[in-house]
Each structure stands twice: as C-alpha cells, then as structure tokens.
Amino acid sequence: MTGQLRHMLRDDDISHDEQKTILKLGLAFQKNRFLARPFEGPQGVSIIFDKPSTRTRASFSTGVAELGGYPLVIDKNGSQLGRGEPVADTTRVLTRMTSALVWRTFGQDRVEEMARYATVPVVNALTDDFHPCQVLADFLTLAQHKGGVDALEGMTIAYVGDAANNMSHSYLLAGAVAGMHVRVAGPQGFLPRPDIVADAERIAAENGGSILVTTDPYEAVKDADCIFTDTWVSMGEEAQYELRSKPFWKYQVNDELMAAAKPDALFQHCLPAYRGKEVTASVIDGPQSVVWDEAENRLHAQKALLTWLIAQQRGDMSLLAGVDAQ
C-alpha cells in the first residue's frame with residue numbers, strides 16, 4: 001500500500017473516525033504496553049523541548065522506548081534552535097535522521113513550519129494555541145471510566161478557567177471532532193479565539209455535537225459528565241500570579257461547582273495543579289478526580305498517536321491490531 005504523510009498539529013487534523021481509532025488503540029496499549037513496536041531497530045524519534053516539562057518528557061521518552069525506538073531528547077538551550085537556527089534548517093537535518101518529530105514550543109507557526117519541511121510525521125507536544133496530545137489523553141481517560149470510546153459521542157464536557165488558553169482551544173476542537181457537547185467558561189477578556197470557536201461549531205454540527213462559550217461557570221457545568229480546568233497563570237507568568245488570578249476566582253473548581261454537574265461527573269486537570277487556587281484539594285484529591293489516570297494516559301494516547309501516524313505513512317494498517325477489540 002502507498003502511505004500518506006500525516007501530522008498532528010492541532011486537534012482537528014484528524015477526523016471523527018480517526019480520533020476513535022487512535023483512542024481505541026490507546027485503550028489497547030493500556031492493556032498491553034508492547035502491543036506494537038513500529039520504531040523497532042531502534043529508530044530515533046526527535047523530542048524537542050523549548051519549554052520545561054515533566055509529563056510530556058516522561059511520557060514521550062518512555063513511549064518511544066516502549067515502541068521499540070530511541071528517544072532523542074533535545075533541549076532548546078543545548079541545540080542550534082536555541083541560537084537562532086531557522087526551523088526549516090533544523091527540520092531538514094532531523095527529518096533525515098529520525099522517524100518522527102515531536103516539539104513542545106511556543107508559537108503554532110513553528111510546528112506548522114516544521115511540518116512544511118518534514119518528510120516524517122510531526123507532533124505538536126504543546127504550543128501556545130493547542131495541546132492535542134493532552135486532550136487525547138483526557139478523552140482516553142473518559143473512555144476508560146465512562147463506557148469506552150463509542151460512549152464519548154454525545155457526552156457533555158465543561159472547561160472552566162482561563163478560556164483563552166491552549167487547553168480551552170483544544171477541548172473545543174477535539175470535543176467537536178468527537179461529537180461532544182463542549183461547554184467553555186471564562187471571564188470577559190479570557191475567552192477563546194473567535195476563529196477557533198467558529199471552526200469548532202462547524203465541526204460539531206457535522207458530528208452531532210454542540211459548542212457553548214459563556215462567562216457563567218454554572219451554565220457550563222450543568223449536566224456535565226466531566227469538568228476540566230487548568231492553571232490560571234501560564235509558564236513564565238508566575239511573578240504576576242496575584243494580578244493575573246483576580247478574574248478567575250469565581251471559576252475555581254470546588255465542591256459546590258462539582259455538585260452542579262452530574263452526580264457521577266469526573267474531574268480532570270492537565271497538571272501541574274495549584275491546590276486552593278484553580279481547584280480545591282477536596283476536589284483534586286477526592287473520589288471524582290481521575291487526574292492520575294489522566295497523567296498515565298499521556299503515555300498510552302501518545303503511543304497510539306505515533307503508531308497511527310506511522311501506520312499512515314507506511315500504509316501498514318497491521319500496526320493498528322487490537323483496535324477492533326476495544
């Protein structure tokens with residue numbers, strides 16, 4: 001079969017059915033961590049960090065090794081990217097030496113430029129605009145606890161807090177792809193980009209879902225199957241915490257807000273979390289929290305994504321064995 005080069009730069013780079021396939025493969029990797037080894041050799045996978053990381057570094061490094069490959073971890077300050085080498089030039093080199101490129105960076109334009117010059121799959125491991133790998137893990141966690149991947153369609157999810165950030169944008173797009181009812185709440189001045197909302201509304205209409213953007217956190221969480229939040233202050237803005245956090249206190253996920261969702265609603269947070277700020281300790285450490293499963297599922301979801309991308313490139317669908325059993 002002839003393969004097709006695919007990338008994962010934003011959450012709507014995959015279709016409804018493709019998302020389901022990746023998530024079902026993620027469930028299969030939960031059961032058998034060595035289900036597929038597409039990087040046997042070992043083949044190298046470049047994992048590039050312009051930002052600090054714990055979960056992304058651990059999950060991609062471990063995941064590539066478990067897929068039979070060699071994780072080539074590159075920190076910005078230890079590479080020529082950190083000294084101003086053009087993205088195109090770095091890409092031209094790495095794409096000849098490694099089998100996939102994973103990048104945690106700042107502007108979305110950077111991963112898009114990398115994809116233009118790459119001859120292997122490029123994965124967005126986080127940009128200022130999107131965090132697709134995190135949301136795949138979050139949806140995998142929902143499938144794990146809420147009846148499987150097929151049960152995601154028609155589910156209601158709510159994100160509250162800084163709704164102008166990459167997590168909000170990714171929940172909108174990925175939830176629309178899944179056919180979910182996505183509710184996003186944040187204060188005025190911290191709402192998602194209108195163009196991303198428009199894309200999400202279009203995709204949701206195609207898949208039987210819906211989109212709601214509001215400033216009322218209780219409107220967002222009503223009848224929700226899961227509530228998500230994120231830190232109120234992004235990396236590099238910690239010195240401004242007191243000033244930056246002022247608009248967000250009414251969006252704190254506490255027992256009262258959780259009670260406004262479905263009785264069996266789950267709580268998820270991409271971590272790191274600040275207890276007593278965006279979420280109370282009683283919620284994140286309570287019985288409805290699945291944040292540790294969520295963190296582990298970064299490993300399984302990303303292995304599934306990398307395997308799926310390599311299967312597309314090689315035209316080898318045998319790498320997706322185990323999906324139909326989920």
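Every value quoted in this text rests on a predicted model; they were computed, and no experiment measured them. In what follows, residues are counted from 1 in the order of the sequence shown.
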TODO: Go through the steps for M8 and I14 under the test side-chain contact (heavy atoms from CB on, under 4.5 Å), then give the verdict.
DONE: CA-CA 8 Å; M8 186 60 158; I14 53 177; 3.7 Å; yes
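- Under the 3.5 Å distance criterion, with hydrogens and angles disregarded, a donor-acceptor pair is assigned to the side chains of D138 and Y171.
- Within the structure, salt bridge (Lys or Arg N to Asp or Glu O under 4.0 Å) contacts touching residues 208-225 (residues at least two apart or in different chains) are D225-K262.
- By the 6.0 Å and 45° rule, R57 stacks over the aromatic ring of F49.
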Task: Steps toward side-chain contact (heavy atoms from CB on, under 4.5 Å) verdict (F29, F34) - done: CA-CA 7 Å; F29 272 118; F34 303 99; over 6 Å; no
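- Side-chain contact between Q108 and L9: present, with at least one pair of heavy atoms (C-beta onward) separated by less than 4.5 Å.
- Using a 3.5 Å distance cut-off with no hydrogens or angles, the side chains of T231 and E278 do not pair a donor with an acceptor.
- Looking only at side-chain heavy atoms (C-beta outward), I48 and M114 come within less than 4.5 Å of each other.
- When only modelled atom types and interatomic distance are considered, D128 and N166 share no side-chain donor-acceptor pair under 3.5 Å.
- A salt bridge links R6 to E18: at least one charged side-chain nitrogen sits closer than 4.0 Å to a carboxylate oxygen.
- In this structure, N32 contributes its side chain and A28 its backbone to no donor-acceptor pair below 3.5 Å.
- Note: E294 CD to L140 CG = 10.5 Å, rounded to the nearest 0.5 Å.
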Open item on the list: Could you walk me through whether L142 and L266 satisfy the side-chain contact (heavy atoms from CB on, under 4.5 Å) test, starting with their C-alpha distance in whole Å, then the side-chain angles of each, then the deciding distance to 0.1 Å, before giving a yes or no?
Closed with: CA-CA 8 Å; L142 279 177; L266 302 177; 4.0 Å; yes
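- A salt bridge does not link K20 to D17: none of the charged side-chain nitrogens sits closer than 4.0 Å to a carboxylate oxygen.
- Taking SG of C270 as the start and CE of M167 as the end, the distance is 4.5 Å to the nearest 0.5 Å.
- Side-chain contact check for T280 and N254: no donor-acceptor pair (N or O, by modelled atom type) lies under 3.5 Å.
- Q144 and Q30 share a side-chain donor-acceptor pair at under 3.5 Å.
- If you look at F248 and F190, their ring centroids are closer than 6.0 Å.
- Between I22 and W308, the closest heavy-atom pair is CG1-CG, 3.7 Å.
- Of the N and O atoms on the side chains of W103 and N124, not one donor lies less than 3.5 Å from an acceptor on the other residue.
- Side chains of S210 and H181: a donor-acceptor N/O pair is present below 3.5 angstrom, by distance only.
- What you find for A185 and A220 is that their closest heavy atoms are CB-CB, 3.6 Å.
- Under the 4.0 Å criterion applied to side-chain N and carboxylate O atoms, R202 and D199 are assigned as salt-bridge partners.
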